S.K.: 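Structure in structure tokens, see below.
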Protein chains: 2
Amino acid sequence: MFEARLPQSHIFKKILEAVKDLLTEATFDCSDSGIQLQAMDNAHVSLVSLNLRSDGFDKYRCDRNLSMGINLASMTKIMKCAGNEDTLTMKAQDNADTVTFVFESKNQDRVSDYEMKLMNLDREYLGIPETDYACVVKIPSGEFARICRDLAQFGESINIACTKEGVKFSATGDIGSANIKLAQTANVDKEEEAVIVEMQEPVSLNFACRYLLNFAKAAPLSNQVSLSMSLDVPLVVEFKIDDIGHIRYYLAPKIETDDN
Amino acid sequence: MFEARLPQSHIFKKILEAVKDLLTEATFDCSDSGIQLQAMDNAHVSLVSLNLRSDGFDKYRCDRNLSMGINLASMTKIMKCAGNEDTLTMKAQDNADTVTFVFESKNQDRVSDYEMKLMNLDREYLGIPETDYACVVKIPSGEFARICRDLAQFGESINIACTKEGVKFSATGDIGSANIKLAQTANVDKEEEAVIVEMQEPVSLNFACRYLLNFAKAAPLSNQVSLSMSLDVPLVVEFKIDDIGHIRYYLAPKIETDDN
DNA sequence: CCGGCTCACG
DNA sequence: CGTGAGCCGG
């Protein structure tokens with residue numbers, strides 16, 4: 001059987017908020033090492049990759065590898081029924097066609113369980129090569145969300161330009177042009193406010209704003225987000241998730257000329 | 001060139017909130033003495049007049065008089081990209097057809113700039129005679145907004161009746177009639193809560209609710225609003241803006257009988 | 001002053 | 001349904 005317990009359901013709630021607008025359904029692959037989800041978004045433009053290590057769970061047991069095809073809208077509905085502080089347990093029998101979510105309040109006064117039908121989903125295994133990136137930028141995730149929101153008003157694509165001094169986000173459109181420059185922080189008063197640029201080589205790439213906006217929905221999962229970029233290679237937007245794993249989004253640059 | 005800097009962008013943000021529903025575009029007249037905007041609203045019913053003195057700015061430079069035709073929806077979008085505590089700098093070259101807004105966070109780690117195209121707008125210079133008013137009422141601006149909102153439910157016009165005892169706002173309609181009376185405050189505990197009536201002669205005038213509602217959007221700019229009234233003369237609704245100027249709205253009374 | 005939540009609108 | 005604005009709490 002499969003059983004995984006987290007002391008706080010809110011991580012899972014936020015994960016669902018972070019994927020449900022990109023994916024209508026997805027397969028959760030459970031193995032001894034943890035839970036993994038990997039899927040192209042509905043439009044087959046970006047890729048979502050979620051990793052939750054087994055050791056990050058309060059309790060974890062997975063006797064046999066298990067692929068659970070899940071309708072994310074349904075799962076979102078169920079997760080909304082959990083209190084943020086509830087203990088969450090996911091359970092499935094080895095060959096079952098359902099998964100059960102159990103929410104327990106801290107004092108055990110309230111226990112609820114939700115059983116959800118699993119789906120058979122076509123799988124597409126995608127190899128993601130590990131790469132060295134020309135630039136890796138870490139910025140506060142709230143800042144990232146804010147930048148995407150602000151620049152979305154100006155155009156459909158956002159240019160990210162990275163030099164060793166910092167990173168610049170730009171957009172151009174009918175109402176004008178916008179540039180947001182973040183300098184690498186010298187004084188790291190609070191770690192979560194740091195802007196850190198690791199640069200081998202400067203890059204300047206364009207991305208579809210709409211996807212970046214969706215990625216930014218993962219901001220509640222982490223104070224910081226890292227953006228890894230190289231020429232002609234998909235951007236990686238990574239949010240670490242506490243002590244358990246990460247969620248990554250991959251998005252190919254727009255191959256446009258810099259005429260905006 | 002033209003350059004004007006304010007230590008806090010929120011004044012400008014609020015100014016835009018206070019005009020954007022009345023005007024789709026407007027000309028900002030910049031001169032050595034400051035920035036002025038004067039325009040009839042889209043329906044040519046009311047008049048908006050904004051004055052920002054140069055000495056109210058942190059830094060101000062205007063080599064040549066400059067009239068900037070601005071689409072206020074665009075400018076509103078741009079102002080929404082500023083943090084409330086950001087330093088705001090407006091810049092334009094002498095004969096440029098664009099204006100640039102620069103927002104800087106207090107620690108300079110974040111700098112964003114927005115360039116916006118200027119428009120050529122037809123100008124209408126309107127002389128506004130200085131007048132003595134039969135009644136000048138000062139009330140808390142939040143109170144004013146509340147009154148307009150409350151009375152809006154009853155009818156399309158609001159009667160403002162002023163005597164030396166105080167001021168009464170009334171509306172009548174299908175669902176009934178409403179009267180809100182504010183007595184002149186005796187004990188001025190807090191200045192911003194004061195209701196002050198300066199009366200030469202009592203007045204009772206009717207105004208289109210819809211415009212008063214729009215004027216009330218300037219409430220965040222000031223704790224107090226003053227209403228200046230005389231028979232058959234436009235009402236003046238004035239909000240002082242900190243140490244820098246004011247915004248005034250002018251609205252002619254409805255010439256109806258008091259049958260509501 | 002910022003973040004989360006709730007309500008209203010497109 | 002998803003997004004944006006206003007309100008309340010930390």
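Lettering follows sequence order; numbering is per chain, from 1. All values reported here derive from a predicted model rather than from experimental measurement.
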S.K.: Are A/L6 and A/D58 side-chain neighbours, meaning at least one heavy-atom pair lies under 4.5 Å?
M.R.: no
S.K.: Can you name the residues that form a salt bridge (Lys or Arg N to Asp or Glu O under 4.0 Å) with B/R146, not counting sequence neighbours?
M.R.: B/D150
S.K.: How many Å lie between CG on A/L16 and P on D/dG2, as a whole number?
M.R.: 13 Å
S.K.: Quickly work out the B/K13 NZ to D/dG4 C1' distance and round it to whole Å.
M.R.: 14 Å
S.K.: Taking only residues at least two apart or on different chains, which pairs with a member in residues 109-121 of chain A satisfy side-chain hydrogen bond (donor to acceptor under 3.5 Å, both in side chains)?
M.R.: A/T98-A/E115, A/N107-A/D109
S.K.: Please report, rounded to the nearest Å, how far the P atom of C/dG3 is from the NZ atom of A/K217.
M.R.: 18 Å
S.K.: If the condition is ring pair (Phe, Tyr, Trp, His ring centres under 6.0 Å), which residues does B/Y250 pass it with, not counting sequence neighbours?
M.R.: none
S.K.: So which protein N/O to nucleotides 5-10 of chain D N/O distances come out below 3.5 Å?
M.R.:
{"unit_1": "D/dA5", "atom_1": "OP1", "unit_2": "B/K80", "atom_2": "NZ", "d": "2.8"}

S.K.: Can you tell me how far P of D/dG4 sits from CG of A/D150, to the nearest Å?
M.R.: 11 Å
S.K.: Could you state the CZ-C1' distance from A/R146 to D/dG4, rounded to the nearest angstrom?
M.R.: 14 Å
S.K.: To the nearest angstrom, how far is A/D21 atom CG from D/dT3 atom P?
M.R.: 6 Å
S.K.: Which pairs count as salt bridge (charged side-chain N to carboxylate O under 4.0 Å, His left out) when at least one residue sits in residues 208-224 of chain A, sequence neighbours excluded?
M.R.: A/D21-A/K217
S.K.: In chain order, what residues pass the ring pair (Phe, Tyr, Trp, His ring centres under 6.0 Å) check against A/Y211, with sequence neighbours excluded?
M.R.: none
